[in-house]
*Asks:* 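This is the structure, below, for whatever I ask next.
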Amino acid sequence: MRIGFGYDIHPLKGGRKLILGSVEVPFDRGLEGHSDADVLLHSICDALLGAAGLGDIGEHFSDKDERYKDISSLKLLAEVKELLEQKKLIIENIDSTIIIEQPNLSSFKQKMKVNITNTLGLSSSQINIKATTNEGLGAVGRGEGIAAYAVALLREKK
């Protein structure tokens, strides 16, 4: 068994769509970044890459590479899945937390979960998505950005 941890944070900016778990969440601002800046999927990618001993998301999908400009992070997740398959690693489960003051994500988490399970070929019991606030503390608490954490457990294919 191998465990990996992922984290990502991006600032909020006007004129961008808010994309989390490859779901467009209605809000007056979106996350700034080279890709779609999906902090949930970026943290999951990092957790999976870390568990596999494959470095981090920036090493595989550089923000200096125009191929990744405005790309859906779901495509990055699919590429990470391929890397795991090449190493004969199987995902046991992923647990994630989005830290966000607003908007409330209750009605969007299930669709995020479906996007992730479909992309990774997992069952819904293998993916968990939570959301919480930062209780008004720090940059996330002031509504300046959104962060996400993820933990992934992998096993070797027999």
Side-chain angles (χ1 to χ4, degrees), residues 1-13 16-25 27 30-100 105-132 134 139-140 145-158:
M1 298 295 241
R2 303 174 65 106
I3 191 165
F5 173 77
Y7 169 78
D8 196 34
I9 187 169
H10 283 273
L12 284 161
K13 177 183 178 180
R16 296 258 312 181
K17 293 178 181 178
L18 178 57
I19 307 294
L20 294 168
S22 204
V23 173
E24 186 175 337
V25 178
F27 195 55
L31 293 168
E32 185 175 7
H34 185 70
S35 66
D36 61 6
D38 188 329
V39 292
L40 175 61
L41 296 185
H42 291 184
S43 67
I44 289 172
C45 285
D46 262 348
L48 293 169
L49 290 167
L54 292 171
D56 64 43
I57 193 170
E59 293 173 42
H60 293 273
F61 313 109
S62 171
D63 62 2
K64 308 288 187 258
D65 191 331
E66 284 304 308
R67 290 179 299 167
Y68 305 118
K69 178 73 175 147
D70 297 322
I71 193 170
S72 165
S73 294
L74 212 53
K75 291 181 182 177
L76 305 181
L77 186 62
E79 288 191 37
V80 168
K81 177 189 178 197
E82 289 179 25
L83 292 171
L84 297 179
E85 288 172 351
Q86 291 170 14
K87 285 197 75 169
K88 299 189 180 349
L89 293 169
I90 296 170
I91 301 167
E92 281 293 322
N93 75 300
I94 298 168
D95 185 33
S96 60
T97 304
I98 304 166
I99 302 90
I100 182 171
L105 299 180
S106 297
S107 60
F108 302 99
K109 291 190 301 183
Q110 184 58 38
K111 178 63 176 150
M112 294 175 197
K113 190 174 185 176
V114 167
N115 289 341
I116 296 165
T117 58
N118 288 346
T119 300
L120 295 176
L122 301 174
S123 72
S124 64
S125 66
Q126 291 174 281
I127 302 291
N128 192 49
I129 301 171
K130 304 177 297 291
T132 189
N134 224 29
V140 173
I146 299 172
Y149 296 95
V151 178
L153 185 64
L154 305 181
R155 69 175 166 84
E156 292 180 15
K157 190 176 190 176
K158 295 180 183 178

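One is the number of the first residue; the rest follow in order along the sequence.
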*Asks:* Atom NZ of Lys157 and atom NZ of Lys87: how far apart are they, to the nearest 0.5 Å?
*Replies:*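 Going from the NZ atom of Lys157 to the NZ atom of Lys87 covers 15.5 Å.
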*Asks:* Out of Asp95, Asn93, Thr97, which one pairs with Asn128 under the side-chain hydrogen bond (donor to acceptor under 3.5 Å, both in side chains) rule?
*Replies:*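 The passing option is Asp95.
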*Asks:* Check whether more than 12 heavy atoms from other residues, nucleotides or ligands sit under 6.0 Å from atom NZ of Lys13, and answer yes or no.
*Replies:*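 Counting other residues, nucleotides and ligands, NZ of Lys13 stays at 12 neighbours or fewer.
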*Asks:* Assess the residue pair Glu156 and Leu89 against the criterion (side chain to side chain contact (heavy atoms under 4.5 Å, CB included)); give the C-alpha distance rounded to whole Å, side-chain angles, the decisive distance to 0.1 Å, and a yes or no.
*Replies:* CA-CA 5 Å; Glu156 292 180 15; Leu89 293 169; 3.8 Å; yes
*Asks:* Tell me the closest heavy-atom pair linking Ile98 and Ile129, and the distance in Å.
*Replies:*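 That would be CD1-CG2, 4.1 Å.
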*Asks:* Using the ring of each side chain (for Trp, its six-membered ring), is Phe5 parallel, tilted or perpendicular to Tyr149, with breaks at 30° and 60°?
*Replies:*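 Rings of Phe5 and Tyr149: tilted, 30 to 60°.
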*Asks:* Evaluate the criterion side chain to side chain contact (heavy atoms under 4.5 Å, CB included) for residue pair Leu41 and Leu76; output intermediate values, then yes/no.
*Replies:* CA-CA 8 Å; Leu41 296 185; Leu76 305 181; over 6 Å; no
*Asks:* Does any N or O in the side chain of Lys113 come within less than 3.5 Å of the main-chain N or O of Ile127, such that one atom is a donor and the other an acceptor?
*Replies:*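 Answer holds: yes.
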*Asks:* Is the closest side-chain heavy-atom distance between Leu20 and Ile100 below 4.5 Å?
*Replies:*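 Yes. Closest side-chain heavy atoms under 4.5 Å.
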*Asks:* Distance from Glu59 atom CD to Leu49 atom CG, nearest 0.5 Å?
*Replies:*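 Output value for this atom pair is 8.5 Å.
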*Asks:* Mind checking whether Leu48 and Ile94 have side chains closer than 4.5 Å, heavy atoms only?
*Replies:*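 With C-beta onward as the side chain, the pair touches.
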*Asks:* Indicate whether the side chain of Asp8 and that of Ser43 have a donor and an acceptor atom separated by less than 3.5 Å.
*Replies:*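 No donor-acceptor contact under 3.5 Å links the two side chains.
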*Asks:* Within this structure, what is the OG-CG distance for the pair Ser22 and Leu77, rounded to the nearest 0.5 Å?
*Replies:*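 Going from OG on Ser22 over to CG on Leu77, the span is 9.5 Å.
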*Asks:* Is it the case that atom NZ in Lys75 sees more than 12 heavy atoms from other parts of the structure closer than 6.0 Å?
*Replies:*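 Open.
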*Asks:* Between Met1 and Arg155, is a side chain to side chain contact (heavy atoms under 4.5 Å, CB included) present by the stated rule, with each step listed?
*Replies:* CA-CA 5 Å; Met1 298 295 241; Arg155 69 175 166 84; 3.5 Å; yes
*Asks:* Testing the basics here: between Ala152 and Ala51, what is the closest heavy-atom pair and its distance to 0.1 Å?
*Replies:*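 For Ala152 versus Ala51, the nearest heavy atoms are O-CB, 4.1 Å.
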*Asks:* Nearest 0.5 Å please: distance from the CD1 atom of Ile71 over to the CD atom of Glu66.
*Replies:*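 Those atoms lie 11.5 Å apart.
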*Asks:* Shortest non-hydrogen contact from Tyr68 to His60?
*Replies:*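 Minimum heavy-atom contact is OH-O, 3.6 Å.
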*Asks:* Does the side chain of Gln126 come within less than 4.5 Å of Ser123's, by heavy atoms?
*Replies:*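 Yes, close enough: below the 4.5 Å cut-off.
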*Asks:* List the atom of Phe61, the atom of Glu79, and the distance in Å for their closest heavy-atom pair.
*Replies:*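 Heavy-atom minimum between the residues: CE2-OE1, 3.3 Å.
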*Asks:* Quick one, Lys69 with His34, criterion side chain to side chain contact (heavy atoms under 4.5 Å, CB included). Give me CA distance, side-chain angles, the key distance, then yes/no.
*Replies:* CA-CA 5 Å; Lys69 178 73 175 147; His34 185 70; 3.6 Å; yes
*Asks:* Return the minimal non-hydrogen interatomic distance between Phe27 and Leu18, and the atom names on each side.
*Replies:*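 In terms of heavy atoms, the two residues are closest at CB-CD2, 3.8 Å.
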*Asks:* Rounded to the nearest 0.5 Å, what's the gap from NE2 on His42 to CD1 on Ile9? Could you check?
*Replies:*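 So the gap between those two atoms works out to 13.5 Å.
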*Asks:* Within this structure, what is the CD-CG distance for the pair Glu92 and Leu122, rounded to the nearest 0.5 Å?
*Replies:*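 Here the rounded value is 9.5 Å.
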*Asks:* Can you name the one residue among Asp38, Asn115, Asp36 that meets side-chain hydrogen bond (donor to acceptor under 3.5 Å, both in side chains) with Ser73?
*Replies:*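 It is Asp36, the one option of Asp38, Asn115, Asp36 that forms the side-chain hydrogen bond (donor to acceptor under 3.5 Å, both in side chains) with Ser73.
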*Asks:* Heavy-atom count check: over 12 atoms from other residues, nucleotides or ligands less than 6.0 Å from Lys17 NZ?
*Replies:*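 Incorrect, the count does not exceed 12.
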*Asks:* Is it the case that the side chain of Lys111 and the backbone of Val23 share a donor-acceptor pair, with hydrogens and angles ignored and the cut-off at 3.5 Å?
*Replies:*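 No: the side chain of Lys111 does not pair with the backbone of Val23.
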*Asks:* Using every non-hydrogen atom in the two residues, find where Arg16 and Leu31 come nearest and quote the distance to one decimal.
*Replies:*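 It is NE-O, 2.9 Å.
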